Amino acid sequence: MYCYYVNKYLIAFTVLTIRLFISFTDVFPLKDVVLTIEPKVVQRFNHSKLRCSYDLEGQDLYTVKWYRGRFEFYRYTPSEDPSTKVFPVGGITVDVNNSNSTQVVLRDIEFNLSGNFSCEVTTDKTFFTRDDTQPMLVVRK
Ligand SMILES: *[C@@H]1O[C@H](CO)[C@@H](O)[C@H](O)[C@H]1NC(C)=O
Ligand SMILES: *[C@@H]1O[C@H](CO)[C@@H](O)[C@H](O)[C@H]1NC(C)=O
Ligand SMILES: *[C@@H]1O[C@H](CO)[C@@H](O)[C@H](O)[C@H]1NC(C)=O
Ligand SMILES: *[C@@H]1O[C@H](CO)[C@@H](O)[C@H](O)[C@H]1NC(C)=O
Ligand SMILES: *[C@@H]1O[C@H](CO)[C@@H](O)[C@H](O)[C@H]1NC(C)=O
C-alpha cells in the first residue's frame, strides 16, 4: 500500500519535472502552426484551399483537426485507417482527394460558410497542441 502511493507520486512528480524542464528550456516540441486560406475571399460555389503548416520539431504527428467555428469537419490521424475522417457540417463539402495532413480543399462553398476556420495540431505521445484561426469570406459572383 505504502509503496503503491510512493510510486504513484513519484511518477506524477517525474512527469511534472519533465514538463517544467521543457517549458523552462523552451523546447515546446511543436511550433509555427499557421493556417493559410487561399483564396480568403471566395465566390459562392467556388472552392478554396486551407493549408495548415506546422513544425513538429522531430515529434510525430498525432492528429490535425479542422474546425469551422466550434464544429469539426475534417480530421487527419496518420495512425488510424483510414487516416482521414470527414464530419458532416451543414454547407461544407470536403474534397477528400485533395485533402491530407497539411491541407483541406472545400468545394461548392455556400454563402453561410463565411466565418472563422481553424486547424489544431497535436503531437503523438506528448500531446502538445497548437492552433491557428483565420476568417474566410464568401461573396456573390
Ligand atoms: C471562381 O471560379 C472561377 C472559375 O473556376 C474562377 O475563374 C474565379 O477566379 C474564381 N473566383 C474566386 C473568387 O475564387
Ligand atoms: C448553410 O446552408 C445550408 C443550406 O443551404 C444548410 O444545410 C447548412 O446547415 C448551413 N450551414 C451553416 C453552417 O449554417
Ligand atoms: C477521388 O478519388 C477516387 C479514387 O481515385 C475516385 O474514384 C473519385 O471519383 C474521386 N472523387 C472526386 C470527388 O474526385
Ligand atoms: C498534400 O497535398 C498537396 C496537394 O496535392 C501536396 O502539395 C502536399 O505535398 C501534400 N502534403 C503532404 C504532407 O503529403
Ligand atoms: C472570428 O475571430 C475573431 C478573432 O478571434 C473574432 O473577433 C470574431 O468575432 C470571430 N468571428 C466569428 C464569426 O466568430
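Heavy atoms only: backbone and side chains are in, while hydrogens, waters and symmetry mates are out. Numbering of ligands and ligand atoms starts at 1, following listing order. All values reported here derive from a predicted model rather than from experimental measurement.
With ligand atoms numbered from 1 in the order given, ligand 2 contributes 1 (C), 2 (O), 3 (C), 8 (C), 10 (C), 11 (N), 12 (C), 14 (O) to contacts under 4.0 Å with heavy atoms of N112.
Distance from atom 3 (C) of ligand 5 to its nearest protein heavy atom, with residue and atom name: N116 ND2, 3.7 Å. At the top of the distance list for atom 14 (O) of ligand 4, counting protein heavy atoms only, stands N100 ND2, 3.7 Å. For atom 9 (O) of ligand 2, the closest non-hydrogen atom of the protein is G90 CA, 3.4 Å. With respect to atom 13 (C) of ligand 4, the closest heavy atom belonging to the protein is S101 OG, 3.2 Å. Given atom 5 (O) of ligand 4, the protein heavy atom at minimum distance is Q103 NE2, 4.2 Å.
For atom 7 (O) of ligand 5, the protein comes within 4.0 Å by no heavy atom at all. The presence of a protein heavy atom under 4.0 Å from atom 11 (N) of ligand 4 is confirmed.
Minimum heavy-atom separation, V105 to H47: CG1-CB, 4.5 Å. L30 approaches R130 most closely through the heavy-atom pair O-NE, 2.8 Å.
Summarising the local packing, CZ of R44 is surrounded by more than 12 heavy atoms from other residues, nucleotides or ligands at distances under 6.0 Å. No more than 12 heavy atoms of other residues, nucleotides or ligands shown are found within 6.0 angstrom of OH on Y62.
Interatomic distance, CD1 of I109 versus CD1 of I92, reported as 9.0 Å (0.5 Å rounding). Taking CG from L50 and NZ from K40, the interatomic distance works out to 9.5 Å, rounded to the nearest 0.5 Å.
Ligand 2 has no N or O atom lying under 3.5 Å from any N or O atom of L113, backbone or side chain. When only interatomic distances are considered, the shortest N/O to N/O separation between N98 and ligand 4 does not fall below 3.5 Å.
Classified by interplanar angle (parallel below 30°, tilted 30° to 60°, perpendicular above 60°), the ring pair F117/F73 is perpendicular.
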